[in-house]
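Inspection log for the structure reproduced underneath, given as structure tokens.
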Protein chains: 2
Amino acid sequence: MSANSRLTIAAHALAWIGLYQRQGHEVATSEQIATSANTNPVVIRRLLGELRKAGLVESRRGVGAGWAMARELGSITLLDVHQAVEPGPLFAMHRAAPDQDCVIGYGIQPAMQGIYEGIEETLRRELARVTLEDVLRDVLAAPR
Amino acid sequence: MSANSRLTIAAHALAWIGLYQRQGHEVATSEQIATSANTNPVVIRRLLGELRKAGLVESRRGVGAGWAMARELGSITLLDVHQAVEPGPLFAMHRAAPDQDCVIGYGIQPAMQGIYEGIEETLRRELARVTLEDVLRDVLAAPR
DNA sequence: CTAAATGTAACAACTTTGGTTGCGATCATT
DNA sequence: AATGATCGCAACCAAAGTTGTTACATTTAG
């Protein structure tokens, strides 16, 4: 699987905005976040754009533009973030439909879909147990 | 990600071999399995090659060549299969190291790694609950 | 010796991911 | 009204991963 870094970067950006606001600032810019995450501002804006669609952050344009949390860090879980930035299932089915004249080919997809559904439900439950407040706490707890 | 179909195809191949052997055959060929899975024999051989490295199947060459289970279906879990064919973590870190002079940039990776480790452990536990015997049963239980 | 299948390398097509550039739209401040 | 910083978004690119395909040497029972 091509593991990607979307969830990591999204959590990074949200923790950054959350901390920055607690330090008294109104909004954070994609440029500031990109510097911290060592990536391009457009990458950050793309991700934050999806998080805005999900209602997790807000953006302002014009003078004093930037990003702010739309909800408390403690009320947002990694599941919210994951669903906002990571579409699609964990495991894929066959690229081309298997042979329907074969017993295995006929039954394999419903079988695996049922199994995968249970696994993904467990994954969702686990992601939902971690809030951005937890993430920020862990980040700040790093030694030195 | 990019979700891929390795685990699905591997489970398909193993269920096919297992059922075929229960029907009294010694070995199954990559050609037969590829027909059922609607893919190329080389794709199947590649996957089975990794499963052989993991000790789940055996292969014979020469006349009467093909593949056979090395262990009982009931003793192999989807975790075994997953670990054999899907290397790497579920979630990736930043592509380039984040800014170590930033509090968030400094602490984000250890924080997320700790969180991800817990989630992946849960995923492993869940995969380990399903055996290939369960998969074959579900496959054969498909209606019609 | 032969035929059938594995083992493996090489390559192509396609998709995903992340990075980059460019530019119009926005808007508080002046 | 002009300005300048920033967002919003489209377009494009490079790198990597996935799957399919061809080719061919190797193996081995009969």
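First the proteins, then the strands, lettered A, B, ... as listed; each starts at 1.
Classification of the A:Phe91-B:His82 ring pair by plane angle, with boundaries at 30° and 60°, yields perpendicular.
Rounded to whole Å, atom C1' of D:dT18 lies 11 Å from atom CD of B:Glu86. Here D:dC9 presents its P atom at 13 Å from CG of A:Leu48, a figure rounded to the nearest Å. What separates CG of A:Asn40 from P of D:dC12 is a distance of 18 Å, to the nearest Å. When the P atom of D:dT18 is taken as reference, atom CZ of B:Arg46 falls 11 Å away, rounded to whole Å. One interatomic measurement links the two molecules: CG of A:Leu51 to P of D:dC7, which rounds to 14 Å at whole-angstrom precision. Rounded to whole Å, atom C1' of D:dT21 lies 14 Å from atom CG of B:Asn38. Distance B:Ile44 CD1 to C:dA5 P: 15 Å, rounded to the nearest Å. Put simply, CG on B:Asn4 is 11 Å from P on D:dG20, counting in whole angstrom units.
When each of D:dG8, C:dG19, C:dT6 is scored by its nearest atom to the side-chain atoms of A:Ser59, the top-ranked nucleotide is D:dG8. Relative to the side chain of B:Val42, the nucleotides C:dG7, D:dG20, C:dT8 differ in distance, and C:dT8 lies closest.
DNA chain C is contacted by both B:Pro41 and A:Pro41; B:Pro41 maps to the nucleotide lying nearer its 5′ end (nearest heavy atom per residue). Position along DNA chain D of the nearest nucleotide to A:Glu31 versus A:Val63 favours A:Val63 as the more 5'-ward residue. Each of B:Ala92 and B:Arg45 lies near DNA chain C, and the nucleotide nearest B:Arg45 is the one positioned closer to the 5' end.
In this structure, A:Gly66 reaches the sugar-phosphate backbone alone: every heavy-atom distance under 4.0 Å involves primed, P, OP1 or OP2 atoms, never a base. Using a 4.0 Å heavy-atom criterion, one finds that A:Arg60 contacts the sugar-phosphate atoms exclusively.
Residue-to-nucleotide contacts include no donor-acceptor pair under 3.5 Å from the side chain of A:Arg52 to the base of D:dG8. Between the side chain of A:Arg6 and the base of C:dG18 there is no donor-acceptor pair of N/O atoms closer than 3.5 Å. Evaluation of atom-type donor-acceptor distances gives a pair under 3.5 Å for the side chain of B:Arg61 against the base of C:dT6.
Note on B:Thr29: every side-chain N or O is 4.0 Å or more away from OP1 and OP2 of C:dA5. For B:Ser5, a side-chain nitrogen or oxygen approaches OP1 or OP2 of D:dT19 to under 4.0 Å. Using a 4.0 Å cut-off, no side-chain N or O of B:Ser30 falls inside it from OP1 or OP2 of C:dA5.
Checked by atom type, the side-chain pair A:His94/B:Thr39 shows no donor-acceptor distance below 3.5 Å.
Classification of B:Glu50 and B:Lys53 as a salt-bridged pair fails, no side-chain N sitting under 4.0 Å from a carboxylate O.
Distance alone, capped at 3.5 Å, is enough to place a donor-acceptor pair between the B:Thr8 side chain and the A:Ala92 backbone. For the pair B:Gln21 (side chain) and B:Val27 (backbone), a donor-acceptor distance under 3.5 Å is absent. With hydrogens and angles disregarded, a donor-acceptor distance shorter than 3.5 Å links the side chain of B:Arg6 to the backbone of B:Val85.
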